[in-house]
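In what follows, a single structure is set out as structure tokens and then discussed.
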Amino acid sequence: MLKIGNVLLKNKVIAAPLAGISNPVYRKMCHDYGASLCVSEMISDKALHYQNRKTQDMCAVLEQEHPVSLQLFGADTETMGEASAYLSTHTTCDIIDINMGCPVTKVIKAHAGSDLLRNPDLAIAIAKSVVEHTDRPVTVKMRAGWDQAHINCVEIAKGLEAVGVSAIAIHGRTKNQMYEGQVNLEYIKMVKEAVNIPVIGNGDIRSVEDAKRMLKETGCDAIMVGRGLLGRPFFIQELVAGLEGKAYEEPNYQTRIMLAKQYAKELCDYEGEYPGIHMMRSMGTWYIAGLPHSAKYKNKLSQVESLEEFNGLLDTYQTLLNSLEDDGR
């Protein structure tokens with residue numbers, strides 16, 4: 001077990017924040033499959049400052065998804081502290097996370113996310129402000145540095161620990177690498193050896209072997225999985241079982257289709273059918289990726305307009321797979 005501040009995690013597998021995806025429905029699903037902690041998508045400090053209703057709604061936490069971490073992004077010590085206080089008084093989140101790793105242009109232009117790695121003093125000052133405005137444990141998700149010439153993750157990690165951050169998640173790439181190339185485990189190891197707080201390794205975990213390698217080679221305390229869960233929340237179960245030396249059997253196509261339909265219904269119930277089903281246009285395709293004759297149905301799923309149409313397409317596809325299975329007997 002791993003402890004972050006006063007929050008006890010039941011295993012070493014954490015669901016990473018994914019923009020536009022890590023809402024309460026997704027987080028609850030990850031918990032159902034065994035994640036010890038789920039992190040929300042990014043929440044803007046400035047939007048909370050200006051009382052933006054949509055952003056306030058993003059802070060919602062379901063009773064069934066604890067422990068949960070809500071992730072803030074911003075570049076202003078005052079409004080980040082204010083946002084931290086807001087999450088502490090208006091939500092039941094267990095942990096507050098600070099994004100210092102997002103490499104997308106919109107966030108960089110706001111001098112937030114990975115851009116903070118270019119200004120370590122500001123990054124540490126922001127963390128200090130967030131810590132001082134909450135009674136919840138504060139964590140940071142960061143990258144190794146801005147580019148290969150500026151690997152400053154150790155310097156920043158030490159500063160974060162000094163101002164009271166309870167854990168650090170580090171993605172073993174630089175900002176300039178985006179999601180290209182291979183994750184460098186040495187960066188994660190460097191941070192782990194430099195601080196006494198828990199360190200969570202992130203990046204390129206697509207198999208149990210990837211997870212075991214990261215834990216062994218870096219000494220990190222837990223792993224964080226993001227894109228590897230898309231369309232396969234059951235991967236969490238596989239990771240937990242594999243790390244605990246237990247057997248695991250991957251779900252068959254019937255179960256994967258059932259999961260897609262269940263997720264679509266819960267998302268539509270939560271978001272409303274129109275926005276929910278439009279979110280499922282891409283998400284639904286992930287659940288059938290790699291299955292026989294899926295290309296045609298992935299294309300159709302990306303154009304659906306209703307939950308009924310979504311379910312109908314998957315029913316038709318399952319009938320096709322059933323017939324192929326029967327023919328193969």
Side-chain angles (χ1 to χ4, degrees), residues 15-31 37-116 126-127 129-141 226 263-284 304-307 310:
L18 294 168
I21 295 170
S22 298
N23 57 39
V25 176
Y26 174 83
R27 301 192 307 256
K28 174 186 172 296
M29 178 175 63
C30 288
H31 271 297
L37 175 69
C38 296
V39 187
S40 77
E41 58 186 315
M42 294 183 293
I43 298 166
S44 166
D45 66 328
K46 294 295 186 184
L48 288 180
H49 174 74
Y50 291 111
Q51 300 180 4
N52 179 274
R53 181 59 184 273
K54 183 177 179 180
T55 303
Q56 290 175 336
D57 289 345
M58 287 173 64
C59 301
V61 172
L62 299 178
E63 184 179 343
Q64 309 96 311
E65 60 162 320
H66 292 283
V68 62
S69 175
L70 296 183
Q71 186 185 77
L72 293 172
F73 80 97
D76 182 282
T77 55
E78 185 175 343
T79 50
M80 283 292 281
E82 180 185 317
S84 173
Y86 177 89
L87 296 184
S88 303
T89 56
H90 291 79
T91 83
T92 59
C93 72
D94 302 284
I95 295 171
I96 294 175
D97 187 61
I98 306 170
N99 186 303
M100 295 186 186
C102 182
V104 301
T105 302
K106 179 180 178 181
V107 174
I108 297 300
K109 283 184 175 179
H111 302 297
S114 290
D115 197 68
L116 290 173
I126 285 172
S129 180
V130 171
V131 168
E132 290 176 346
H133 283 82
T134 183
D135 59 350
R136 317 291 163 85
V138 174
T139 61
V140 170
K141 187 173 190 296
Y263 184 40
K265 182 183 185 308
E266 292 186 10
L267 198 56
C268 288
D269 286 345
Y270 184 80
E271 298 282 355
E273 182 168 0
Y274 182 82
I277 208 63
H278 278 72
M279 292 171 72
M280 283 304 299
R281 282 179 164 187
S282 60
M283 295 179 193
V304 294
E305 293 289 347
S306 69
L307 181 60
F310 180 86

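Interatomic distance, His133 NE2 to Thr89 OG1, rounded to the nearest 0.5 Å: 11.0 Å. To the nearest 0.5 Å, the span separating SG on Cys102 from CG on Asp115 amounts to 11.0 Å. In this structure, the separation between OH on Tyr26 and CE on Met279 is 11.5 Å, given to the nearest 0.5 Å. Atom CD1 of Ile95 sits about 6.0 Å away from atom OG1 of Thr139, to the nearest 0.5 Å. Between the SG atom of Cys30 and the CD1 atom of Ile21 there is a distance of 10.0 Å, given to the nearest 0.5 Å. Rounding to the nearest 0.5 Å gives a distance of 10.5 Å between OH of Tyr86 and CG of Leu70.
A 6.0 Å sphere centred on NZ of Lys46 holds more than 12 heavy atoms belonging to other residues, nucleotides or ligands.
The closest side-chain heavy-atom distance from Leu267 to Met283 is below 4.5 Å. Looking only at side-chain heavy atoms (C-beta outward), Arg27 and Ser40 come within less than 4.5 Å of each other. Val39 places none of its side-chain heavy atoms less than 4.5 Å from the side chain of Lys141. For the pair Met280 and Val304, the minimum side-chain heavy-atom distance is 4.5 Å or more.
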Notebook entry, point to check: Hey, mind stepping through Glu305 and Ile277 against side chain to side chain contact (heavy atoms under 4.5 Å, CB included) and telling me if it holds?
Noted result: CA-CA 7 Å; Glu305 293 289 347; Ile277 208 63; 5.7 Å; no
Next item on the list: Decide yes or no on side chain to side chain contact (heavy atoms under 4.5 Å, CB included) for Asn23 and Glu271, but give the supporting numbers first.
Entry: CA-CA 10 Å; Asn23 57 39; Glu271 298 282 355; 3.8 Å; yes
Checklist line | Worked verdict on His49 versus Asp76 for side chain to side chain contact (heavy atoms under 4.5 Å, CB included) | finding: CA-CA 11 Å; His49 174 74; Asp76 182 282; over 6 Å; no
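Annotation for Phe73 and Ala112: closest pair CD1-CB, 3.9 Å, computed over non-hydrogen atoms. For Pro67 against Leu37, the heavy-atom pair with the smallest separation is O-CD1, 3.5 Å. Counting all heavy atoms, side chain and backbone alike, Arg136 lies closest to Asp94 at CB-O, 3.8 Å. Annotation for Ser129 and Gly81: closest pair OG-CA, 3.3 Å, computed over non-hydrogen atoms. Taking all atoms of both residues into account, the shortest heavy-atom contact from Ala75 to Asp45 is N-OD2, 4.3 Å. Across every non-hydrogen atom of Thr91 and Leu87, the tightest pair is OG1-O, 2.7 Å.
Applying the ring pair (Phe, Tyr, Trp, His ring centres under 6.0 Å) criterion to Tyr263, with sequence neighbours excluded, gives no partner residue. The side chain to side chain contact (heavy atoms under 4.5 Å, CB included) test applied to Ser306 returns Glu273, Glu308, Glu309, not counting sequence neighbours. Under the rule for a ring pair (Phe, Tyr, Trp, His ring centres under 6.0 Å), the partners of His278 that lie at least two apart in sequence or sit in another chain are Tyr274. Applying the ring pair (Phe, Tyr, Trp, His ring centres under 6.0 Å) rule to His66 yields no partners; only residues at least two apart in sequence or on another chain are considered.
In this structure, the side chain of Ser88 engages the main chain of Ser84 through a donor-acceptor pair within 3.5 Å. Using a distance-only test at 3.5 Å, with no hydrogens or angles considered, no donor-acceptor pair links the side chain of His90 to the main chain of Ala85. With hydrogens and angles ignored, the 3.5 Å screen pairs no side-chain donor or acceptor of Gln71 with any backbone N or O of Asp97. Side-chain N or O atoms of Thr77 include none that pairs as donor or acceptor with a backbone N or O of Ile126 at under 3.5 Å.
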With a 3.5 Å cut-off and sequence neighbours excluded, list the donor-acceptor pairs that the side chains of residues 54-63 form with protein atoms.
residue: Thr55; atom: OG1; partner: Asn52; partner atom: OD1; Å: 3.0
residue: Asp57; atom: OD1; partner: Arg53; partner atom: NE; Å: 3.3

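Residue pairs meeting the salt bridge (Lys or Arg N to Asp or Glu O under 4.0 Å) criterion with at least one member in residues 78-93: none, sequence neighbours excluded.
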